[in-house]
Each structure stands twice: as C-alpha cells, then as structure tokens.
Amino acid sequence: MDLGIHYATFTHPDWQSTLTDRLDETVRIADEGGISLVTVMDHYFQMVDFGGPFEPMLEGYTTLGYLAARTERVHLGLLVTGVTYRHPGLLAKVVSTLDVLSRGRAWLGIGAAWYDREHAGLGVPFPPLAERFERLEETIRIAEQMWSDDDGPFDGEHYQLAETLCLPRPVRGRVPLMIGGQGERKTLRMVAQYADACNLFTGDGVPGVAGKLDVLRRHCDDLGRDYDAIRKTILWFGDPVGEADRFAREMEQYADLGVTLATFMPASEDPAAWTSEVVNEVLPRVAGL
C-alpha cells in the first residue's frame, strides 16, 4: 500500500509568516521518507469545511511547480483539478510543464468542479452540472490528443482548438489521469472509459468503497476495459497516526479490494512533525500490503 498526503489547509499557527516554510518542510519529509504522492487542492477559496474563503489558499499548479523544485521522488498532483478553472489546452500545457520540470512525477487529477462561490467570487463561469461533465470529457480528450502524435484541430461542442501542439511532451509520453469523484452513472463510467486511476472517498467505509468498485467493474465490462488496468486509490478520513490500529486494519481490507494507494490529510497543527510520524510509524505497518 502506497501512501499519499493531501495538504488541504494552510491555516496553521502563525501561517502569515510560516506558511511557505511549513509546507516546504512537510513535503521534504514526505519526499525523503517514502511517501508516494503529495497533493494540494485546486481551489481559489478555501472550502467552508476548512474555514471558508477568508482562510489562506494557494493556487494549485503554482504550488506544485514550487514543490517540484524542492523534491526528487514524490509524485505531485491536484486532488483534483476543476474542469472549469482553466481552458483545457492550457491545462494540458500546464500539466505537461509540471511533468517535464519534475522529471516525470506529475499526475493529472481532474473532476467536474463544484464550488460555486469561488466561481461567482472571481468571475469564473460555472455551467450546470450536465454541461460540466460534457466539458470534462472534452478536456480529457483534448489532453490525450495534445500528448499524442496528432497535433491537428479539435472541434468539440464546447472547445475548439486549431492546433493541439504541446512541446515538450510529458516525460512519460503522457501524464497519468486520475478522475476524482464517485458518481455511479457518469463519473465511474468516465473512469472506466478514460482514466488510469480512480479516487474514492471512504466516508461509508470499506463496504462503501467495495460497492463503488463493483459499479466500476460493471462499467469496465460494458466498455470492454480491463478493470485491473485502473489503479484504485482512496481518500481516507481519519488520523493514521492517532488511529494507527484502525488505519492498519482498514488498509488490509482496502488492499483486499485492490486499493493500492491511500491518501489522507494532516491531522495536526504541525503537519511536518505529523508527517515524520507517518513516515516512521505508519508507513512501515502498511508498506507490505
């Protein structure tokens, strides 16, 4: 079982003067200690559950570019990019740049977006949900075309590109695609059709994830996709340090379902010290799963 850290809040003591140093130290410890993936959110306003818009929030890809220069091993991504935030051609270029400058460590996590307040606040169009899913599918197709040998036009319903040029290409030819979300009718079907990885929430525990994976398997069967070719990842809710026994027990159960990466959020006002405990105490207990 690989582990990931989702750095979801920058609101720590004295953040006005320590935000950058604390983030830097946390990710350095993760990088040196064997954490597989570090993600930040793709929001312009902090979510209400973490204090709302008047709490600090860094722009996601700028943050990942900084972290790429400060790390050597850990993979980097957003959990997840909102399809409404960037034109898809520019998004593919941004993610490709991150992959090149990190020497092949970028992930493209993407979803249909949901936080209407930040859209309204900053003047970003926020179409209805059905249209956002249409745009999500076109965005995925555009990114894949830009990472292929086809540099010709793309003529979609929502996006038209005259030239899908992207040089330099990602180090691995393309950037692995993770689709976030667990809607059974649209999202998981899109995972089955396009994604290298899914990301599921654990709010309903192991049975809930098992149910979502059963739905994903059925979509794969319908589309002729190899279910086992899709990496199964979860966002685990809890503190793997303070709840180490529960975490280890549940990771065994998730591993039995085929989950190979569990991401979680720092559960401390000192995320660097907390990450040290994850590396030294938690990772060894699940690394062999």
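In this text, all values refer to a predicted model and were calculated from it rather than measured experimentally.
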Do [X] and [Y] make a side-chain contact, defined as non-hydrogen atoms from C-beta onward lying under 4.5 Å apart?
X: F247; Y: V286; value: yes
X: H43; Y: Y115; value: yes
X: L91; Y: T139; value: yes
X: T263; Y: L3; value: no
X: C198; Y: K232; value: yes
X: L37; Y: L79; value: no
X: T81; Y: Y61; value: yes
X: I179; Y: I140; value: yes

In one Ile/Leu/Val/Met/Phe/Trp/Tyr side-chain cluster, 4.5 Å: [X], [Y]:
X: L108; Y: V100; value: no
X: L289; Y: V259; value: yes
X: L161; Y: L165; value: no
X: M146; Y: L101; value: no
X: V83; Y: F45; value: yes

Could you pull out the closest heavy-atom pair between [X] and [Y], with the gap in Å?
X: P168; Y: S96; value: O-CB, 4.2 Å
X: G4; Y: I35; value: CA-CG2, 4.0 Å
X: L64; Y: V40; value: CD2-CG2, 4.1 Å
X: L261; Y: S36; value: CD1-OG, 4.0 Å
X: A195; Y: R225; value: O-NH2, 2.8 Å

Is a donor on one side and an acceptor on the other found under 3.5 Å between the side chain of [X] and the backbone of [Y]?
X: D31; Y: E72; answer: yes
X: R132; Y: A112; answer: yes
X: T11; Y: E55; answer: no
X: R172; Y: A106; answer: yes
X: Q46; Y: T9; answer: no
X: T164; Y: D150; answer: yes
X: E138; Y: E157; answer: yes
X: T26; Y: A272; answer: yes
X: E137; Y: F133; answer: no
X: E184; Y: L216; answer: no

- Task: Begin from the C-alpha positions of F237 and M265 and carry the test side-chain contact (heavy atoms from CB on, under 4.5 Å) through to its verdict.
- Result: CA-CA 8 Å; F237 296 111; M265 293 172 277; 4.0 Å; yes
Residues 121-131, side-chain donor-acceptor partners within the protein, below 3.5 Å, at least two apart:
unit_1	atom_1	unit_2	atom_2	d
E131	OE2	R135	NE	2.8
E131	OE2	R135	NH2	2.9

- Residues D196 and R174 bridged, charged N to O under 4.0 Å: yes
- Query: Charged N to carboxylate O under 4.0 angstrom, R105 versus D99?
  - Reply: no
- Would K212 count as a cation-pi partner of F201, with NZ or CZ less than 6.0 Å from the six-membered ring centre and within 45° of the ring normal?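 Negative - K212 is either too far from the ring of F201 or too far off its axis.
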Has [X] got more than 12 heavy atoms of other residues, nucleotides or ligands less than 6.0 Å from its [atom1]?
X: D228; atom1: CG; result: yes
X: R73; atom1: CZ; result: yes
X: E59; atom1: CD; result: yes

- Output, in order, the C-alpha distance, side-chain angles, deciding distance and verdict of side-chain contact (heavy atoms from CB on, under 4.5 Å) for L90 and H87. CA-CA 5 Å; L90 301 181; H87 190 283; 4.2 Å; yes
Report the distance from atom [atom1] of [X] to atom [atom2] of [Y], rounding to the nearest 0.5 Å.
X: T39; Y: H75; atom1: OG1; atom2: NE2; result: 13.5 Å
X: L78; Y: Y85; atom1: CG; atom2: OH; result: 10.5 Å
X: T275; Y: D270; atom1: OG1; atom2: CG; result: 8.5 Å
X: Y66; Y: T71; atom1: OH; atom2: OG1; result: 10.5 Å
X: R22; Y: T20; atom1: CZ; atom2: OG1; result: 10.5 Å
X: R28; Y: E32; atom1: CZ; atom2: CD; result: 5.0 Å

- Message: Test of understanding: with side-chain hydrogen bond (donor to acceptor under 3.5 Å, both in side chains), list the residues that count as partners of S268, not counting sequence neighbours.
- Response: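 side-chain hydrogen bond (donor to acceptor under 3.5 Å, both in side chains) list for S268, sorted by chain: empty.
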- Query: What about the rings of H6 and F264, do their centers lie closer together than 6.0 Å?
  - Reply: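 H6 vs F264: aromatic centres not under 6.0 Å.
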- Message: Centre-to-centre under 6.0 Å for H119 and W114, is that the case here?
- Response: no
- Could you walk me through whether R217 and D222 pass the salt bridge (charged side-chain N to carboxylate O under 4.0 Å, His left out) test, one step at a time? CA-CA 9 Å; R217 186 185 292 274; D222 291 343; over 6 Å; no
- For Q145 and S148, test the side chains for any donor-to-acceptor distance below 3.5 angstrom and give the result as yes or no.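 Short answer, no.
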- Message: Applying side chain to side chain donor-acceptor pair (under 3.5 Å) as the test, list every pair that has at least one member in residues 239-253; sequence neighbours left out.
- Response: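 Sorted pair list: W236-E250, D239-W274, E243-R246, D245-R285, R246-E250.
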- Take F154 and R141 through the test side-chain contact (heavy atoms from CB on, under 4.5 Å) and record every step on the way to the result. CA-CA 9 Å; F154 178 91; R141 291 170 54 206; 3.7 Å; yes
